[in-house]
Amino acid sequence: MFVITGATGNVGRPLVEALLRDGHKVRALTRSPAIADLPAEAEVANIADLPFTGATALFLNPAVVWGGSDALLARAKADGVRRIVTLSSSSAFYPDNPLAGHHLGLERAVEATGLEWTHLRPGAFASNAQDWADQIRAGDVVRGPYARAHSTPIHERDIADVAAVALTGDDLVGARPLLTGPQSLTHADQARVIGEVLGREVRYEEKAPADVVAGMVERGAPAPIAEALLNLWAEAVDRPEQVSPEVERITGRPGLTFAEWAADHAGDFR
Ligand SMILES: NC(=O)c1ccc[n+]([C@@H]2O[C@H](COP(=O)([O-])OP(=O)(O)OC[C@H]3O[C@@H](n4cnc5c(N)ncnc54)[C@H](OP(=O)(O)O)[C@@H]3O)[C@@H](O)[C@H]2O)c1
């Protein structure tokens, strides 16, 4: 039995589907089982109950332990979980990066349990482009910072398929793979690709970084985190990001392109 936290999330849903497809038993955790809309073959349970009995391995999404992971990890261990696959972040490769703190702290807490672990370290999710959905539904312009900032957006299905390998086989025990998409693209490239998938021209227009930080803080982001993110984008201007071979090495198939991600999510932008 595999227990998936954040089961309704970007990575959790395709991970639940991938495990079920391969015939595994899945317990999918959410705060709201009644409205989670998870596959009928999954056992759906409330994360507040920390329901780990009978589980061999756990997928841990940091979003569910912002308040602290001690209780969850202690219960998982006491209930006999043998392996934890952490959804970490590529920021963890740079301990001085303010975005690294929560992920590195969680990685260390998982390692301190003494259980088997794998820490998946993805870079920027392709699904971050969903933040543009309102603007693209309303018009042909996306406004945001640093049009020429590069990243290697990764399809959530690639992360989910790597997580499934880490949960079900032994090859990734003790590994911290860097996961990226198969191409380095700028913000402007990503807007253009979404437009191509929709059959219209979508342009990216630069917004002043200070205004972007102010907007993020207004929506609840801590100022140091917002500023750190903007600094990373500033550094990524005109600097293509290195593509990691890990998704293809681990899953045996090439990573999914941003165009494939946009096609899978076209409905969100129409
Ligand atoms: N975005 C990126 O570029 C990026 C890059 C690297 C790493 N990451 C990591 O990936 C994580 C996001 O993964 P994701 O996109 O799969 O997750 P997600 O879609 O943001 O959220 C996963 C699920 O967690 C539950 N959840 C959210 N907040 C919670 C809370 N405060 N307490 C308990 N449950 C909560 C929600 O499920 P219910 O409402 O059903 O309970 C949600 O569907 C980030 O937190 C970050 O650590 C992100």
Side-chain angles (χ1 to χ4, degrees), residues 3-18 26-39 42 44-51 58-69 71-72 85-94 97-107 109-110 118-133 144 149-164 176-181 185 187 190 216 219-222 225-226 228-230 232-233 236 241 244 246-247 258 261 264-265 268:
V3 175
I4 310 304
T5 66
T8 61
N10 290 306
V11 179
R13 273 190 197 282
L15 175 55
V16 168
E17 284 162 14
V26 175
R27 187 176 297 146
L29 305 193
T30 165
R31 291 168 297 182
S32 314
I35 56 165
D37 193 24
L38 285 154
V44 179
N46 196 319
I47 190 166
D49 298 332
L50 302 180
L58 167 70
F59 176 74
L60 183 53
N61 187 317
V64 308
V65 287
W66 274 111
S69 59
L72 184 148
V85 175
T86 322
L87 177 59
S88 185
S89 158
S90 60
S91 63
F93 287 110
Y94 307 97
N97 177 336
L99 302 176
H102 181 56
H103 294 104
L104 272 177
L106 186 58
E107 289 187 4
V110 167
T118 303
H119 304 317
L120 307 182
R121 290 180 165 182
F125 291 7
S127 58
N128 293 344
Q130 250 149 355
D131 289 349
W132 302 342
H150 276 261
S151 63
T152 46
I154 182 165
H155 197 306
E156 56 274 4
R157 217 160 359 111
D158 285 348
I159 305 173
D161 284 357
V162 171
R176 303 178 175 88
L178 167 66
L179 306 178
T180 72
L185 297 172
H187 284 144
Q190 292 180 46
M216 288 169 76
R219 289 194 300 277
I225 297 287
L229 193 57
L230 266 286
L232 282 182
W233 281 330
E241 193 170 79
S244 166
E246 294 287 34
V247 167
F258 187 74
W261 179 87
D264 288 344
H265 295 275
D268 297 342

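Below, each value reflects all heavy atoms present in this structure, side chains not excepted, and no hydrogens, waters or symmetry copies. First listed ligand is number 1; within each ligand, the first listed atom is number 1.
- Across every non-hydrogen atom of Asn61 and Thr5, the tightest pair is N-OG1, 2.8 Å.
- The minimum heavy-atom distance linking Gln130 with Asp268 is given by the pair NE2-OD2, 2.6 Å.
- Checking Glu241 against Thr152 by side-chain atom types alone, a donor-acceptor pair falls below 3.5 Å.
- Scanning the protein for heavy atoms near atom 13 (O) of ligand 1, the closest one is Asn61 ND2, 3.3 Å.
- Considering both main-chain and side-chain atoms, His103 comes within under 3.5 Å of ligand 1 through a nitrogen or oxygen pair.
- In terms of modelled atom types and a separation under 3.5 Å, the side chain of Ser151 and the main chain of Ala124 share no donor-acceptor contact.
- Atom 15 (O) of ligand 1 has Asn10 ND2, 2.7 Å as its closest protein atom, hydrogens excluded (heavy atom only).
- Close contacts between ligand 1 and Thr30 involve ligand atoms 38 (P), 40 (O), 41 (O) [criterion: under 4.0 Å to a heavy atom].
- Within a 4.0 Å radius of atom 29 (C) of ligand 1, the protein has at least one heavy atom.
- Listed by atom number, the atoms of ligand 1 under 4.0 Å from Ala63 heavy atoms are 28 (N), 29 (C), 30 (C), 31 (N), 32 (N), 35 (C), 45 (O).
- Of all atoms in ligand 1, numbered sequentially from 1 with element shown, those under 4.0 Å from a heavy atom of Ala124 are 3 (O).
- Of the protein's heavy atoms, Phe125 CZ, 3.5 Å lies nearest to atom 8 (N) of ligand 1.
- In this structure, the side chains of Ser244 and Leu179 stay at 4.5 Å or more apart for every pair of heavy atoms.
- Of all the atoms in ligand 1, the ones that sit under 4.0 Å from a non-hydrogen atom of Thr8 are 36 (C), 37 (O), 38 (P), 40 (O), 42 (C), 43 (O).
- In terms of polar-atom proximity, Gly6 is not counted as a contact of ligand 1, lacking any N or O under 3.5 Å from an N or O of the ligand.
- The minimum heavy-atom distance linking Ala42 with Ala28 is given by the pair CB-CB, 4.4 Å.
- Ser90 places no side-chain N or O within donor-acceptor distance of the main-chain N or O of Leu178, the cut-off being under 3.5 Å.
- For ligand 1, the polar-atom distance check against Ser89 finds no nitrogen or oxygen pair separated by under 3.5 Å.
- Judged by distance alone, with hydrogens and angles left aside, the side-chain atoms of Ser89 form no donor-acceptor pair with the main-chain N or O of Arg121 at under 3.5 Å.
- The distance from the CG atom of Leu120 to the OG1 atom of Thr86 is 7.5 Å, given to the nearest 0.5 Å.
- Judged by distance alone, the side chain of Thr30 and the main-chain N or O of Ser32 form a donor-acceptor pair under 3.5 Å.
- Close contacts of ligand 1 with Asn128, meaning ligand atoms under 4.0 Å from a residue heavy atom, involve 1 (N), 2 (C), 3 (O).
- Between Trp261 and the options Glu156, His155, Gln190, a side chain to side chain donor-acceptor pair (under 3.5 Å) holds for only Glu156.
- Atom 7 (C) of ligand 1 has Ser88 O, 3.2 Å as its closest protein atom, hydrogens excluded (heavy atom only).
- The distance from ligand 1 to the heavy atoms of Gly123 drops below 4.0 Å at these ligand atoms: 5 (C), 6 (C).
- Heavy-atom separations between Pro122 and ligand 1 include at least one value shorter than 4.0 Å.
- Within the 4.0 angstrom cut-off, atom 10 (O) of ligand 1 has one or more protein heavy-atom neighbours.
- The closest approach between a heavy atom of Ser127 and any atom of ligand 1 is not below 4.0 Å.
- Near Leu87, meaning under 4.0 Å from one of its heavy atoms, ligand 1 places the atoms 10 (O), 11 (C), 13 (O).
- Every atom of ligand 1 with a heavy atom of Val11 under 4.0 Å away is listed here by number and element: 16 (O).
- On a distance-only criterion, Gly12 and ligand 1 share no N/O pair closer than 3.5 Å.
- At a threshold of 4.5 Å between non-hydrogen side-chain atoms, the residues Thr180 and Val247 do not count as touching.
- Considering backbone and side-chain N/O atoms, Arg31 comes within less than 3.5 Å of an N/O atom of ligand 1.
- Nearest protein heavy-atom neighbour of atom 18 (P) of ligand 1: Gly9 CA, 4.0 Å.
- Between the side chain of Asp49 and the main chain of Pro51, no donor-acceptor pair closer than 3.5 Å is present.
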